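Worksheet: the structure to be examined is printed underneath.
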Amino acid sequence: MRTLLRSGLAVVLTAALVGMPVMAAPANSASAPFGVVLQANRAQMGTVITSVGSIIYEGDRLETVGDGTLRARLGGPQIYLRPNTAAEVHSLSNGFSASLMHGTVVVSSAKGQDFQLLADGATIRPVGTQETVAQVSWVNAKELLLTSNRGA
């Protein structure tokens, strides 16, 4: 009886241990990289300090610390984070989407490319397919400052 109980317990533990890595695996498969850091000074992705050439993946949080800056190419368009800025980035079919949490970003796209910037419930994107360069500053929970240098 004792041997049967041990054998049964061994089978249950083995099945549990084999199933654990499957349960720990992420629900989605690993995402493909969609961007690269072009310039970084006192910048990080998540909690990791980043440098030129770092690969950006879907859902990465880009952040500058203190007087740091970060410039990245996300698909075709680019994003530039000014000091004390944080944004989470996602890929679009022809560009990127970024959620601005705080700070100031400059976003740019060439003709035919696209970006979308989300901040405090507002969605900022180019009108049409022309080249666009815009700067968005998060002032407070109810105020954004938008400047367009090229395009509408």
Side-chain angles (χ1 to χ4, degrees), residues 13-152:
L13 287 175
T14 302
L17 290 173
V18 167
M20 286 180 110
V22 172
M23 293 181 342
N28 299 334
S29 61
S31 61
F34 82 96
V36 64
V37 174
L38 302 174
Q39 175 186 10
N41 175 35
R42 299 189 68 201
Q44 55 193 45
M45 286 193 307
T47 59
V48 178
I49 295 172
T50 190
S51 60
V52 173
S54 295
I55 302 298
I56 299 170
Y57 293 90
E58 175 73 24
D60 276 349
R61 178 184 168 116
L62 308 177
E63 189 166 5
T64 56
V65 180
D67 62 351
T69 57
L70 182 141
R71 184 170 59 101
R73 180 176 305 281
L74 302 171
Q78 293 189 27
I79 187 169
Y80 179 77
L81 279 69
R82 294 193 175 271
N84 293 312
T85 298
E88 185 175 292
V89 294
H90 299 277
S91 65
L92 295 175
S93 60
N94 194 26
F96 72 92
S97 174
S99 297
L100 179 62
M101 293 161 201
H102 60 82
T104 300
V105 296
V106 177
V107 289
S108 66
S109 64
K111 186 174 182 174
Q113 297 174 339
D114 197 17
F115 67 79
Q116 171 179 286
L117 187 67
L118 309 170
D120 289 332
T123 302
I124 298 140
R125 64 176 68 112
V127 174
T129 59
Q130 76 269 13
E131 294 178 5
T132 305
V133 178
Q135 177 173 297
V136 179
S137 297
W138 187 92
V139 178
N140 59 48
K142 296 183 180 186
E143 186 177 358
L144 298 172
L145 179 61
L146 171 63
T147 307
S148 178
N149 299 330
R150 178 180 293 151

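Since the structure is predicted, the reported quantities are computational estimates derived from the model, not experimental observations.
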Derivation of the side chain to side chain contact (heavy atoms under 4.5 Å, CB included) call for M45 and Y57: CA-CA 10 Å; M45 286 193 307; Y57 293 90; over 6 Å; no
Verdict with reasoning, T104 to Q135, per side chain to side chain contact (heavy atoms under 4.5 Å, CB included): CA-CA 7 Å; T104 300; Q135 177 173 297; 3.6 Å; yes
F115 and L74: CA distance, side-chain angles, deciding distance, side chain to side chain contact (heavy atoms under 4.5 Å, CB included) verdict: CA-CA 9 Å; F115 67 79; L74 302 171; over 6 Å; no
Side chain to side chain contact (heavy atoms under 4.5 Å, CB included) between Q113 and Q78, worked out: CA-CA 10 Å; Q113 297 174 339; Q78 293 189 27; over 6 Å; no
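When all heavy atoms are compared, the tightest approach of A134 to L146 is CB-CD1, 4.2 Å. Nearest approach of L81 to A87, heavy atoms of both residues: CD2-N, 4.4 Å. The two residues V37 and A40 make their nearest non-hydrogen contact at CG1-CB, 3.8 Å. Closest non-hydrogen pair, L118 versus S97, comes out as CD1-OG, 4.0 Å. Contact between Q116 and L92 at its shortest, heavy atoms only, is CB-CD1, 4.1 Å. Residue S54 comes nearest to T50 through the heavy atom pair OG-OG1, 2.9 Å, listed as atom of the first residue, atom of the second, then distance.
No donor-acceptor pair closer than 3.5 Å links the side chain of S51 to the backbone N or O of I49. Without hydrogens or angle criteria, S109 side chain to E131 main chain gives no donor-acceptor distance under 3.5 Å. A donor-acceptor pair under 3.5 Å is absent between the side-chain atoms of D120 and the main chain of W138, judged by distance alone. When atom types are taken as modelled, the side chain of N41 and the backbone of G68 share no donor-acceptor pair closer than 3.5 angstrom.
Counting heavy atoms from C-beta on, the side chains of P83 and T69 come closer than 4.5 Å. You'll find the side chain of D114 reaches within 4.5 Å of the side chain of P126, heavy atoms only.
For the atom pair CE (M101) and OG1 (T85), the distance works out to 11.5 Å, reported to the nearest 0.5 Å. Separating the OH atom in Y80 from the OG1 atom in T64 is a distance of 9.0 Å, to the nearest 0.5 Å. Taking CZ of R73 as the start and CD1 of I79 as the end, the distance is 13.0 Å to the nearest 0.5 Å.
Side-chain atoms of S99 and E88 include no donor-acceptor pair closer than 3.5 Å.
With V105 as reference, L100 is the one residue of L62, I124, L70, L100 to meet the side-chain contact (heavy atoms from CB on, under 4.5 Å) rule.
Under the 4.0 Å criterion applied to side-chain N and carboxylate O atoms, D67 and R42 are assigned as salt-bridge partners.
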